[in-house]
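Read the numbers this way: they start at 1 and go in the same order the structure lists the ligands and their atoms. Heavy-atom basis, side chains included; hydrogens, waters and symmetry copies ignored. For clarity, every value in this text was computed on a predicted model and none was experimentally measured.
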Amino acid sequence: MPKIHSDVAGGVAVLRISNPPVNALGQAVREQLLDLITRAQDDAAVEAIIITGEGKVFIAGADISEFGKPPLPPALPEVLDAIENSAKPVVAAINGLALGGGLEVALAGHARVASASARLGLPEVKLGLIPGAGGTQRLPRLIAPAAAFALMLDGEPVEAARALELGFVDVVAPGDLLETARDKALALARAGAWRRTGDASATLTEQAREDFEERAREALRRQPDAPNVAALMEAVRGVFELPFAEGLALERSRFRTLVDDPRAQALRYSFFAERKAGQVPGIGRETPRREIARAAVIGAGTMGGGIAMCFANAGIPVTVVEVAEDALRRGIGRVAALYESSVGRGSLSREEADRRTALIDGAVGYDAVADADIVVEAAFEDMGVKQEIFASLDRIAKPGAILATNTSYLDVNAIAAATQRPQDVIGLHFFSPANVMRLLEIVRPEATAADVVATCGDLGRKLGKVAVTVGVCFGFVGNRMLARRTAATERLLLAGALPHEIDDAITGFGFRMGPLAMGDLAGLDIGWRTRKAQGTRAPVADTLCELGRFGQKSGRGFYRYPENARKGERDPEVEALIAEIAQREGVERRSFSTEEIVARLLYPMVNEGARILAEKIAARPGDIDVIWVNGYNWPAWRGGPMYWADAVGLGVIAGQLTAFADREGDETLRPAPLLAELAEAGLTFRQWAEGA
Ligand code: 3HC
């Protein structure tokens with residue numbers, strides 16, 4: 001089956017790749033491309049060669065479905081060698097998206113002509129990899145190595161105009177792409193001179209190396225555990241230290257190691273889980289959408305302000321509504337200050353900051369929501385308060401407006417019941433700070449109309465979020481599982497693990513912060529208030545709050561924070577206090593290994609995840625993983641709690657949980673039916689999801 005159409009006219013061979021849906025570089029494409037390039041060398045009618053793609057995509061990269069299988073010849077680097085060393089110039093006519101190996105094909109050519117709508121990028125880092133077909137060696141030879149590194153580290157494609165500005169596109173075709181490419185190819189052939197990217201060295205200056213090293217240090221500081229970031233850095237450093245061929249070999253060996261590295265495999269899994277999370281049961285392309293041209297946010301607190309920024313950042317005008325003038329002024333002031341500080345740091349231009357600020361206005365009283373297409377309530381977390389607000393919104397909002405609540409725990413059905421239009425009510429659970437955190441839990445009550453769910457999914461993407469649709473239950477997916485970890489933390493403290501031992505075990509696992517340092521940072525009084533409202537208790541955390549130890553803001557919590565300290569210190573007073581409470585509660589104390597702490601804290605979460613799946617609160621294990629990686633800082637290279645559980649073995653986890661339950665007499669620790677069943681059958685969550 002021909003995957004490439006070859007057509008020779010006027011001295012130019014046009015090789016058009018046609019491998020739907022995305023022109024991936026599968027084995028047949030590689031073989032035919034190599035064959036056509038080789039044959040063009042001896043074809044007297046051919047002076048120059050153009051490679052282009054059929055349809056909207058140039059080439060989306062290596063064929064991901066071949067990963068993990070034995071490699072089939074020819075390897076992509078071999079094909080690119082043939083392109084680069086061709087005795088006739090090769091021009092890439094980039095008709096659309098050029099990603100990964102696709103851009104690497106273009107980089108191996110002797111010139112790149114792009115259509116104005118083309119986008120180009122090396123997204124391998126997002127798949128836990130690095131470019132593996134010369135990208136790390138060729139791109140820094142065409143543009144400033146620091147910029148090349150930044151582009152590969154970010155992984156997002158850039159527009160053709162930006163690629164031209166950076167220097168890895170030679171021409172953006174003003175009119176017909178192939179005409180422009182043909183002119184370019186023939187001009188090179190007739191001049192008898194063209195440059196092989198591998199021979200270029202003008203960008204490899206001492207200053208360029210310093211700039212690159214600075215970027216690399218920064219990247220490593222931000223992502224010290226990411227194997228692909230370290231590999232990318234090494235490979236790019238190779239352009240300064242090694243001849244081209246050796247640089248290619250270095251890149252190839254790092255790429256191969258990453259393909260088999262379990263951490264990189266987890267990142268690859270995350271990439272696909274995120275894409276899958278966008279598919280919501282019962283919602284499709286055919287589901288109608290509502291138009292969102294204007295938004296309103298109820299509440300000008302930290303959360304409300306952050307949500308308003310999300311809308312403004314996406315170009316949607318938004319009104320922030322408060323009940324009192326001074327609260328409104330403070331809230332709007334806080335938002336303005338955040339934009340100012342971005343301008344100060346250089347991450348936002350003055351014009352852009354002004355444009356965004358101008359999209360946010362404030363109003364006192366709910367009447368201001370009357371012309372909003374969506375209202376997001378971010379008021380105090382209390383059912384009575386929320387029901388009162390929704391009853392008002394029901395009176396004032398226009399027909400068809402989406403009424404969303406940003407509750408993090410409460411029953412969205414009960415909130416919807418305060419209105420006469422439950423079909424328009426939905427939960428949009430943003431994470432703090434809302435303008436920064438990527439996760440958005442879309443909480444879908446049964447009565448909510450399909451077009452509301454679909455519109456919110458699209459809106460989430462427009463706001464730059466990873467949106468995961470979940471069902472209604474206390475705490476939804478993320479906080480419901482977090483509650484298990486919090487309970488386990490209390491239990492462990494009483495049983496003898498010290499605060500810093502728990503936090504060290506969890507940061508050692510890969511979280512950026514342990515649960516106790518996190519509690520101190522967020523404020524221990526928040527959970528205390530919630531527990532009091534629910535009539536539950538956490539003996540250690542409650543006692544600390546009763547002593548006025550609310551965490552960092554009061555200088556003392558699980559740790560003590562001397563003047564200006566950012567990191568807490570161990571506090572013997574707290575450690576003695578916990579021992580005292582344990583005695584009072586009749587808990588026997590002992591020491592715990594790091595492994596046991598991790599198991600005690602995380603296995604109950606996995607167990608809760610199994611309940612969530614069985615209840616269909618989450619549609620698939622991958623959705624739970626996406627939530628934990630993007631909203632709760634679960635280390636991305638461990639995939640997420642359900643992926644990690646599969647790797648540990650569900651039998652191991654179920655066995656341990658049974659032992660915990662027996663020892664503690666706590667039935668919530670006993671393996672959930674789904675977990676027990678899978679453990680018994682020797683299956684994973686993933687197999688269950690694929691087979692069920
Ligand atoms: N290989 C094989 N199949 C691919 C693919 C790839 N690289 N990229 C996408 N597909 C498939 C998808 O699985 C999907 O198949 P399905 O319809 O059977 O489920 C179909 O193409 C359409 O994909 P999407 O639903 O994702 O369509 P979108 O239009 O939303 O997005 C896209 C298209 C932007 C190309 C997106 O699919 C994407 O980002 N793909 C990954 C691209 C990538 O990461 N390339 C780099 C690969 S690594 C590499 O090249 C290594 C090299 O350095 C050696």
| query | Below 6.0 angstrom between ring centroids: does that apply to Phe431 and Tyr632? | reply | yes
| message | Centroid separation under 6.0 Å, is that true for the rings of Trp634 and Phe509? | response | yes
Looking at non-hydrogen atoms alone, which of [options] comes nearest to [atom]?
atom: atom 45 (N) of ligand 1; options: Pro157, Ala60, Gly128; answer: Ala60
atom: atom 38 (C) of ligand 1; options: Glu124, Arg275, Glu66; answer: Arg275
atom: atom 39 (O) of ligand 1; options: Val57, Leu97, Leu99, Val105; answer: Leu99
atom: atom 48 (S) of ligand 1; options: Leu127, Asp63, Ile64; answer: Leu127

| message | Regarding ligand 1, does Phe271 bring an N or O atom to under 3.5 Å of one of the ligand's N or O atoms? | response | no
| said: Under the criterion salt bridge (charged side-chain N to carboxylate O under 4.0 Å, His left out), I'd like the reasoning laid out for Glu241 against Arg209: C-alpha separation, chi angles, the key distance, then a yes or no. | reply: CA-CA 10 Å; Glu241 296 180 343; Arg209 176 161 192 168; 2.8 Å; yes
| field | CG on Leu232 to CD on Glu251, rounded to 0.5 Å | value | 9.5 Å
Is_contact([atom]), protein non-hydrogen, under 4.0 Å:
atom: atom 14 (C) of ligand 1; result: no
atom: atom 17 (O) of ligand 1; result: no
atom: atom 53 (O) of ligand 1; result: yes
atom: atom 31 (O) of ligand 1; result: yes
atom: atom 20 (C) of ligand 1; result: yes
atom: atom 24 (P) of ligand 1; result: yes

| Given the rule in the side-chain hydrogen bond (donor to acceptor under 3.5 Å, both in side chains) test, do Thr684 and Gln687 qualify, once you have shown the distances and angles that lead to the verdict? | CA-CA 5 Å; Thr684 61; Gln687 287 166 326; 3.3 Å; yes
Need the ligand 1 atom indices (1-based, order shown) with element for anything under 4.0 Å from a heavy-atom of [X].
X: Pro131; answer: 53 (O)
X: Gly61; answer: 50 (O)
X: Gly101; answer: 49 (C), 50 (O), 52 (C)

| said: For the CD atom on Glu218, are there more than 12 heavy atoms of other groups (residues, nucleotides or ligands in this structure) within a distance under 6.0 Å? | reply: yes
| message | I'd like to know whether CZ of Arg119 has more than 12 heavy-atom contacts from other residues, nucleotides or ligands below 6.0 angstrom. | response | no
| message | Going by side-chain hydrogen bond (donor to acceptor under 3.5 Å, both in side chains), name the pairs with one or both residues in residues 143-159, residues two or more places apart or in two chains. | response | Lys126-Glu156
| Any idea which part of Glu104 is under 4.0 Å from ligand 1, heavy-atom wise: side chain, backbone, both or neither? | side chain
| remark: Scanning both residues in full, the closest heavy-atom pair of Thr136 with Ala235 reads OG1-CB, 3.7 Å
| query | What is the nearest protein non-hydrogen atom to atom 4 (C) of ligand 1, stated with its residue, atom name and distance? | reply | Val22 CG2, 3.7 Å
| query | In terms of residue, atom name and distance, what is the protein heavy atom nearest to atom 7 (N) of ligand 1? | reply | Ala62 O, 2.9 Å
| field | Audit row: Arg39, Asp35, salt bridge (charged side-chain N to carboxylate O under 4.0 Å, His left out) steps and yes/no | value | CA-CA 6 Å; Arg39 275 199 278 157; Asp35 183 50; 2.9 Å; yes
| query | Under a heavy-atom criterion of less than 4.0 Å, does Pro21 contact ligand 1? | reply | yes
| Under a 4.0 Å N-O cut-off, is there an ion pair linking Arg237 with Glu213? | yes
